[in-house]
Amino acid sequence: MITKLVFATNNKHKLEEVRHIISGKTEILSLAGIDCCDDIPETAGTLEGNALLKARYIKLQYGYDCFADDTGLEVEALHNAPGVYSARYAGEGHDAEANMNKLLCQMQGQSNRKARFRTVIALIIKDKEYVFEGIVNGSIVTDKRGEAGFGYDPLFIPDTYTLTFAQMGNELKNLISHRALAVKQLAAFLSTLSAE
């Protein structure tokens, strides 16, 4: 049974979301929980590549079974940008406000507002690698809406909903989000291991 896993992140929002979904099954440690202050490079050209880079780094340097994620917002009218560069769309500062402002600027006059959020999780257990993916289709609004969530949440309305991720609050978002879908696949896989 897998009792402890390192999630290669120090993002408190992501950590809470993942712990909530996997609660009671496996203890999830953050990078801070294993005293890792390293700036893990995310130099791959794909979400899958970045997730694997981070997971492999923790496994190699610290020896823990672990998982890492990378998430991108892919906007159809922008040829799937910002994609793998979502967190640093407006520069290396990972500034969510600047990223949203740049996206709104790029989307001015665009009638095609279709977009999707995609999360890829790379898991390494006992030197075997597994990949899980969650996708939520939706659209980009013309102005920021809502206070909850993080990242691009105030700009994204998932299909079949009328609220942005930032308006719907964490409880609903955590049920339907791209990360939730990927983490549920991870949790289901972990439960098959613990049944062995």
Side-chain angles (χ1 to χ4, degrees), residues 2-23 25-74 80-100 102-103 116-136 149-153 156 165 170 173-174 177-187 189-190 193:
I2 306 301
T3 57
K4 191 177 290 188
L5 271 178
V6 172
F7 180 15
T9 190
N10 277 320
N11 183 313
K12 290 178 183 174
H13 298 289
K14 286 185 182 182
L15 200 58
E16 285 171 17
E17 211 172 301
V18 168
R19 282 178 172 160
H20 181 74
I21 294 167
I22 301 185
S23 64
K25 302 176 183 90
T26 302
E27 183 185 358
I28 306 297
L29 300 173
S30 67
L31 291 177
I34 60 167
D35 295 321
C36 173
C37 300
D38 306 353
D39 186 15
I40 304 171
E42 296 181 48
T43 54
T46 64
L47 299 175
E48 294 87 346
N50 278 338
L52 283 164
L53 274 176
K54 290 185 277 187
R56 287 170 181 161
Y57 183 92
I58 294 304
K59 184 66 176 177
L60 187 66
Q61 299 296 325
Y62 293 85
Y64 289 98
D65 286 342
C66 60
F67 65 96
D69 80 317
D70 200 19
T71 294
L73 175 65
E74 299 174 342
N80 290 332
V84 73
Y85 303 106
S86 293
R88 51 193 186 278
Y89 192 41
E92 290 300 320
H94 294 244
D95 183 329
E97 282 297 315
N99 289 338
M100 284 190 286
K102 179 175 180 179
L103 181 62
R116 67 178 189 171
F117 262 124
R118 196 160 68 91
T119 291
V120 177
I121 292 176
L123 168 70
I124 301 178
I125 289 184
K126 297 175 183 167
D127 299 320
K128 288 188 179 177
E129 296 180 351
Y130 308 89
V131 174
F132 309 93
E133 181 181 58
I135 295 173
V136 172
F150 60 100
Y152 296 91
D153 286 356
F156 183 83
F165 272 159
N170 290 335
K173 182 198 165 189
N174 288 351
S177 79
H178 43 292
R179 186 169 296 103
L181 295 173
V183 173
K184 284 172 189 170
Q185 292 176 42
L186 170 66
F189 178 76
L190 293 174
L193 294 182

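Only this structure's heavy atoms are used, side chains among them; waters, hydrogens and symmetry mates stay out.
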Minimum side-chain heavy-atom gap N170-E17 below 4.5 Å:
no
Heavy atoms of A122 and A55 approach each other most closely as O-CB, 3.9 Å
Closest approach of A180 to N174 (non-hydrogen atoms, all atoms of both residues)
CB-O, 2.9 Å
Tightest non-hydrogen contact, residues F132 and A182, listed as CB-O, 4.0 Å
Using modelled atom types and a 3.5 Å cut-off, is there a donor and acceptor pairing between side-chain atoms of K54 and backbone atoms of D69?
yes
Is any side-chain heavy atom of D38 less than 4.5 Å from a side-chain heavy atom of Y57?
yes
Gap between atom CD1 of I28 and atom CZ of R19 - 0.5 Å precision
7.5 Å
For residues L53 and I40, determine if any side-chain heavy atom of one lies less than 4.5 Å from a side-chain heavy atom of the other.
no
From Y152 atom OH to Y89 atom OH, the distance as rounded to the nearest 0.5 Å
7.0 Å
Please enumerate all residues that pass salt bridge (Lys or Arg N to Asp or Glu O under 4.0 Å) together with E48, with sequence neighbours excluded.
R118
Between F165 and F117, is the side-chain contact (heavy atoms from CB on, under 4.5 Å) condition met? List the steps.
CA-CA 11 Å; F165 272 159; F117 262 124; 3.7 Å; yes
Which distance, rounded to the nearest 0.5 Å, do you find between the CD1 of I34 and the CG of L29?
7.5 Å
For Y130, I'd like to know if atom OH has over 12 heavy atoms of other residues, nucleotides or ligands within 6.0 Å.
yes
List the steps and the verdict of side-chain contact (heavy atoms from CB on, under 4.5 Å) for L181 and I135.
CA-CA 7 Å; L181 295 173; I135 295 173; 6.0 Å; no
Between N99 (side chain only) and A87 (backbone N and O only), is there a donor and an acceptor less than 3.5 Å apart?
yes
Residues F189, L123; criterion side-chain contact (heavy atoms from CB on, under 4.5 Å); working and verdict
CA-CA 10 Å; F189 178 76; L123 168 70; 3.7 Å; yes
Find the distance between CD1 (I58) and CG (L5) and round it off to the nearest 0.5 Å.
12.5 Å
Would you indicate whether the side-chain heavy atoms of L190 and L186 approach each other to under 4.5 Å?
yes
Roughly how far, to the nearest 0.5 Å, is CG of L47 from CD1 of I121?
12.0 Å
Salt bridge (Lys or Arg N to Asp or Glu O under 4.0 Å) involving D153 - partner list, sequence neighbours excluded
K173
Return the CD to CD1 distance between E27 and I22, rounded to the nearest 0.5 Å.
12.0 Å
Of all the heavy-atom pairs spanning D70 and T46, show the shortest one and how long it is.
OD2-O, 4.4 Å
What is the minimum heavy-atom distance between A44 and V84, and which atoms define it?
O-CG2, 4.0 Å
Just by distance, do the side chain of D65 and the backbone of K126 share a donor-acceptor pair under 3.5 Å?
yes
Minimum heavy-atom separation for T9 to K14, with atom names?
OG1-CD, 4.1 Å
